[in-house]
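For reference, the structure is listed below as structure tokens.
Each chain gets a letter, A, B and so on, in the order its sequence line appears, and its residues count up from 1.
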Protein chains: 2
Amino acid sequence: MQITSRFTIAIHILVAIDYFKDMDRVNSEFLAGSTGVNPVIIRTVISRLREAGILSTQRGSSGANLTRPLSEITFYDIYRAVDSVDEQEGLFHFHEQPHPDCPVGGNIHTALDGKLDDIQHVMEERMKTITVQDVADDVLKAVREKSKEE
Amino acid sequence: MQITSRFTIAIHILVAIDYFKDMDRVNSEFLAGSTGVNPVIIRTVISRLREAGILSTQRGSSGANLTRPLSEITFYDIYRAVDSVDEQEGLFHFHEQPHPDCPVGGNIHTALDGKLDDIQHVMEERMKTITVQDVADDVLKAVREKSKEE
DNA sequence: GATAGTTGTAATATATCACATTACATCTTT
DNA sequence: AAAGATGTAATGTGATATATTACAACTATC
């Protein structure tokens, strides 16, 4: 299994919105071209980012506005915004009907749930330490490296 | 998305094999009852554990033998054994066709891949610190708690 | 050595989900 | 009013997880 590409798409979108903010009309068509993803998917990802308060948009009018700088948008914010992992269900799919009358089956949740939460938690905490600005910086760096080579 | 239940099933199975080792014939039918999972699924999970060298089985003959104590089987070992996350693909599904000629699309992998690997890595490292024995201990504890209550 | 019990595995079915796509109502800008 | 956007519903398609049936291969026991 894999975490949905909505997550990397959202990061890509945010970097692009910032990168091209003064140069182009950054509409869903443009972002679809940059990401190689269908424009409707772009719009739904943007919808989720909007619902999460990360950016704002106007019906009919092109482009999106960030509500805060990229340096204040963490990977965790995006992960939550685009529902990379369902908040209720959790990262691990637990088999659903362990037998309650079996000593193991009847106690496996008690014994295991906390440990699974732990694992998910370290992952999410690490996500909180990385921001979209970190990505934007590295994109810029790479762009400059390439232009040097010519 | 969620990590396949094969992971929790495998942990459940290993705890049960150990717990019942002197009491019952722990065959796939028995484990299917304890987990609430189809016996064929049980056998395929056991197959993977066998391929990973965690236990051995004999065709025709009931039961499985652990090749090492539960205290030496980590969550990471199981995670790898049952292919919870494809080793090639990684935890995050990257959108597949970012546009190479776009400054953002052409550099997003360079900028993002290492960060995604980092996140996956902290999760996997935490998995290495938890063993199936930890679960078995907590199952036993819970069993004893419940028997006290009577 | 015949029988019953078991594992290993292929083949198929079903449900769910991710992503693509079409279509269109709604809104903004010119 | 016309052109260009967004928001979103509806539908299609492919991939994947799990369940299930079926059976060959093997072991233990009577």
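- Atom CG of B:Asn38 is separated from atom P of D:dA22 by 13 Å (rounded to the nearest Å).
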Please walk me through it: do A:Thr74 and A:Asp77 pass side-chain hydrogen bond (donor to acceptor under 3.5 Å, both in side chains)?
CA-CA 5 Å; A:Thr74 71; A:Asp77 295 329; 3.2 Å; yes
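- Rounding to the nearest 0.5 Å places CG of A:Leu31 at 13.5 Å from NE2 of B:His99.
- Nucleotide D:dA19 holds its P atom 12 Å from the CZ atom of B:Arg6, rounded to whole Å.
- Listed by chain and residue number, nothing satisfies the salt bridge (Lys or Arg N to Asp or Glu O under 4.0 Å) test with B:Arg50 (two or more places apart in sequence, or in another chain).
- Of the possible donor and acceptor atoms, one in the side chain of A:Thr67 sits under 3.5 Å from a partner among the backbone N and O of A:Gly53.
- Looking at the side chain of A:His93, the nearest of the listed nucleotides D:dT18, D:dA19, D:dA9 is D:dT18.
- In this entry the distance linking CD1 of A:Ile41 with C1' of D:dT13 reads 13 Å, nearest Å.
- When atom types are taken as modelled, the side chain of B:Thr129 and the backbone of B:Arg126 share a donor-acceptor pair closer than 3.5 angstrom.
- Within a heavy-atom distance below 4.0 Å of DNA chain C, the residues of residues 51-60 of chain A found are A:Arg59, A:Gly60.
- Remark: B:Leu70 CG to B:Asp134 CG distance equals 10.0 Å, nearest 0.5 Å.
- In this entry the distance linking CD1 of B:Ile42 with P of D:dT20 reads 12 Å, nearest Å.
- Whole-Å rounding puts the A:Leu31 CG to D:dT6 P distance at 8 Å.
- The distance from atom CD of A:Gln2 to atom P of D:dA17 is 10 Å, rounded to the nearest whole Å.
- A 4.0 Å heavy-atom criterion places the boundary nucleotides of DNA chain C facing chain B at C:dG5 to C:dC19, written 5' to 3'.
- A sub-4.0 Å separation between OP1 or OP2 of D:dT8 and a side-chain N or O of A:Arg43 is absent.
- A salt bridge is absent between A:Asp83 and A:Arg6; no separation between the charged side-chain nitrogens and carboxylate oxygens falls under 4.0 Å.
- Heavy-atom distances to DNA chain C give each of A:Ile9 and B:Arg25 a nearest nucleotide, and the one nearer the 5′ end belongs to B:Arg25.
- In this structure, A:Ser28 reaches the D:dT6 phosphate: one of its side-chain N or O atoms is under 4.0 Å from OP1 or OP2.
- For D:dA17, the OP1/OP2 oxygens have no side-chain nitrogen or oxygen of A:His95 closer than 4.0 Å.
- Salt bridge annotation for B:Asp138-B:Lys141: present, with a cationic side-chain nitrogen under 4.0 angstrom from a carboxylate oxygen.
- Residue pairs meeting the side chain to side chain donor-acceptor pair (under 3.5 Å) criterion with at least one partner in residues 35-46 of chain A, sequence neighbours excluded, are A:Ser28-A:Arg43.
- A:Arg48 has its CZ atom 18 Å from the P atom of D:dT6, to the nearest Å.
- For the residue pair A:Thr8/B:His95, the side-chain donor-acceptor check at 3.5 Å is satisfied.
- Proximity of A:Asn27 to the phosphate of D:dA5: a side-chain N or O atom is located under 4.0 Å from OP1 or OP2.
- Rounded to an integer number of Å, the gap from CG of B:Asn65 to C1' of D:dT27 is 14 Å.
- Rounded to 10°, the angle separating the first-five-pair axis and the last-five-pair axis of the helix from C:dG1-D:dC30 to C:dT30-D:dA1 equals 10°.
- For the OP1/OP2 pair of D:dT18 and a distance below 4.0 Å, the side-chain nitrogens and oxygens of B:Thr4 include at least one atom meeting the criterion.
- Under the rule for a side chain to side chain donor-acceptor pair (under 3.5 Å), B:Asp117 has no partner lying at least two apart in sequence or in another chain.
- Taken from CZ in A:Phe75 to CD1 in A:Ile11, the straight-line distance is 4.0 Å, to the nearest 0.5 Å.
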